[in-house]
Asks: 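Before we start, here is the structure in question, set down as structure tokens.
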Amino acid sequence: MKGLLSTTDLAVGFGKKRSIEHIDLQLNAGELVALIGVNGSGKSTLLHTLSGLLPPLAGTVHLQDDPIDALRADQRARQMALVLTGRPQVGLLDVRTLVGLGRQPWTGHFGRLSSEDRERIEEAMRATDTLRFADRHIGQLSDGEAQRVMIARALAQNTPIILLDEPMAFLDLVNRILVFRSLRDLAHASGKTILLSTHDLQTALDLCDRFFVVHDRTLWTGTAAEARSGNILKEAFRIDGVEFDPNTGAFRSR
Amino acid sequence: MPARAWWTIICLLIAGCLLFLLHLCIGPVRIAVPDVFAALFGSAENTSTSLIVRSVRLPEAITAALAGSGLAACGLLMQTLFRNPLAGPSVLGLSSGASLGVALLMLAVPIGGLSALAGVISLSVGAFVGSMAVLGLIMLADRRMGDGVALLIVGLMIGYLCSALISVFQVSSSAGALRGFVLWGMGSFTGVTPDRLAWLAGPVVLGLIGSLWLVKPLNALMLGEAYAASSGVAVQPTRRWIMWITGLLASTVTAFCGPIAFLGLATPHVARGLCRSSDHTVLMPVTLLCGAVLALFCDLLIKLPGVGAGIPLNAVTSLLGAPVVAWVLWSGKRWARST
């Protein structure tokens with residue numbers, strides 16, 4: 001069976017330097033998948049390539065049955081939404097308008113919002129608990145709040161696939177778990193496919209269905225249980241003086 | 001569109017119409033409002049009043065409004081494209097590039113300056129080539145460095161380089177050509193006679209329509225190119241369109257009115273302050289109107305007998321524009337809070 005998003009012998013990287021090679025992955029409807037790896041291992045590059053923003057160095061990415069480079073930007077945008085790490089610098093844009101930008105693939109030439117668009121926007125803001133500051137400017141929000149707004153924008157895009165690059169990076173522990181859980185509910189309840197890169201192994205092991213682990217320039221794929229019981233996480237994070245405990249999902253100083 | 005935006009637009013329209021009318025009334029000869037209307041819509045009497053209104057003041061007022069709108073649109077397009085609040089046609093060297101093109105034609109090639117229609121058109125083309133060359137360089141620099149401050153410095157350097165080259169031409173040019181060029185460099189909305197107006201209005205109106213046409217992708221670009229692409233914008237074609245429109249507007253206005261400082265940079269900030277939004281569906285129309293109003297206002301100041309008579313237009317736009325820019329820097333957190 002072919003997944004919503006799949007790759008065949010994909011290699012990603014910049015220029016001639018390949019970060020990850022021979023990637024054969026598949027994303028299916030209704031699953032939350034964690035992308036794990038040490039800093040600089042190519043997680044962001046992989047996400048950018050999967051979303052069609054970067055060209056693959058080898059192999060192909062398929063969005064359902066179409067090779068991704070055969071699709072126009074607006075066709076891709078109706079299939080896949082993106083949340084990037086960091087906050088964009090836009091001063092005088094209120095939160096509701098920013099979340100509304102997620103509706104762009106569905107609106108007409110001047111981006112006028114229909115009542116259905118407005119409903120989707122409210123829904124996305126409700127799911128991310130951002131309605132409280134809907135009329136504030138994005139520059140006035142804390143990093144965590146801004147991050148949730150960017151997630152709301154992606155939800156408003158209403159795509160079957162959402163890719164997130166370290167969406168928890170600026171969140172405190174509690175918010176991290178809340179956002180993580182709402183993403184899982186979203187995947188399980190509405191059948192969306194969500195792939196996110198994260199360093200928060202503990203929460204990921206608790207909440208994600210499957211794992212993609214970058215290790216030694218290849219991509220290991222497996223279920224959360226397999227990741228917990230196998231050696232892959234130990235190997236991927238083998239750093240002198242640090243030990244991974246698969247039972248708790250935590251790292252310890254040795 | 002929110003109510004605030006509608007009110008802003010209505011107020012700006014009223015202000016613009018009033019300033020436009022004042023423009024037709026005020027000058028060396030004061031003309032009463034009824035006489036202005038008679039000259040505009042009345043019988044085709046060729047009295048001196050109707051001649052002044054129709055062939056001197058009307059073209060000047062139209063030029064001021066179009067140039068103001070054009071430069072303001074230019075500024076907003078560049079600020080969004082480079083995601084830099086201090087981008088603008090004069091800061092990033094576009095006006096300098098256009099000036100270099102004009103200087104080449106006015107000083108090095110004896111085309112007769114602004115005297116002949118053919119001369120004016122070739123000045124436009126020269127300015128367009130000059131500003132597009134600079135814009136190309138700036139976009140290349142933006143790609144390579146991706147850093148707002150570095151980009152501004154590159155723009156300044158290009159500006160200095162163009163000025164230096166212009167000085168080189170000035171040394172070897174005739175006194176008459178030099179005088180024409182220096183006057184042009186002070187900026188003025190008065191040089192456009194009725195027969196030339198179409199050559200200014202055509203490209204500028206085209207550019208303004210283009211700016212309004214692009215509001216949706218401009219909104220997407222505010223979040224950066226990756227987000228824009230992921231929400232369906234074909235980023236490279238959009239960048240190219242913005243580039244062509246910016247070049248067309250900056251060069252046409254510069255060719256006819258001289259390198260006018262600060263209007264392009266400051267107007268979008270005034271517009272943001274008025275409508276409290278960066279949403280281009282609101283901000284772009286407000287910016288265009290604001291540009292027209294500010295240009296008419298500046299030009300009116302230097303026309304007021306006794307107050308500003310004889311002051312170059314560029315001095316007034318700088319006097320009003322520089323504080324706006326300083327204020328933008330001062331209240332930098334309004335624009336962006338960096339990560």
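Values in this document were obtained by computation on a predicted structure and should not be read as measured data. Every chain is numbered from 1 and lettered A, B, ... according to where its sequence line falls, protein lines coming before strand lines.
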Asks: Considering only heavy atoms from C-beta outward, does the side chain of Lys216(B) approach that of His109(A) to under 4.5 Å?
Replies: no
Asks: If you measure from CG on Leu93(A) to CG on Leu223(B), what distance do you get to the nearest 0.5 Å?
Replies: 7.0 Å
Asks: With a 4.5 angstrom heavy-atom cut-off, which part of Thr159(A) approaches chain B: side chain, backbone, both or neither?
Replies: neither
Asks: Relative to chain A, which segment of Leu283(B) carries a heavy atom at a distance below 4.5 Å: side chain, backbone, both, or neither?
Replies: neither
Asks: Is it the case that the side chain of Tyr227(B) and the backbone of Leu84(A) share a donor-acceptor pair, with hydrogens and angles ignored and the cut-off at 3.5 Å?
Replies: yes
Asks: Under 4.5 Å from any heavy atom of chain B, what part of Gln104(A) do you find: side chain, backbone, both or neither?
Replies: both
Asks: Go through Arg112(A) and Thr281(B) one step at a time and tell me if the side-chain contact (heavy atoms from CB on, under 4.5 Å) criterion holds.
Replies: CA-CA 9 Å; Arg112(A) 183 180 289 273; Thr281(B) 49; over 6 Å; no
Asks: Between Leu98(A) and chain B, with a heavy-atom cut-off of 4.5 Å, which part of the residue counts as in contact: side chain, backbone, both or neither?
Replies: side chain
Asks: Heavy-atom cut-off 4.5 Å, strictly under: side chain, backbone, both or neither for Arg153(A) against chain B?
Replies: side chain
Asks: By number, which residues in residues 121-131 of chain A have some heavy atom less than 4.5 Å away from chain B?
Replies: none
Asks: Rounded to the nearest 0.5 Å, how far apart are CZ of Phe110(A) and CG of Asn219(B)?
Replies: 12.0 Å
Asks: Chain B heavy atoms under 4.5 Å from Leu53(A): which part of the residue, side chain, backbone, both or neither?
Replies: side chain
Asks: Need one label for Ser51(A): side chain, backbone, both or neither, based on atoms under 4.5 Å from any heavy atom in chain B.
Replies: neither
Asks: Give me the contact list for residues 228-238 of chain B versus chain A, heavy atoms only, anything under 4.5 Å, ordered by residue number.
Replies: Ala229(B), Ser230(B), Ser231(B), Gly232(B), Val233(B), Ala234(B)
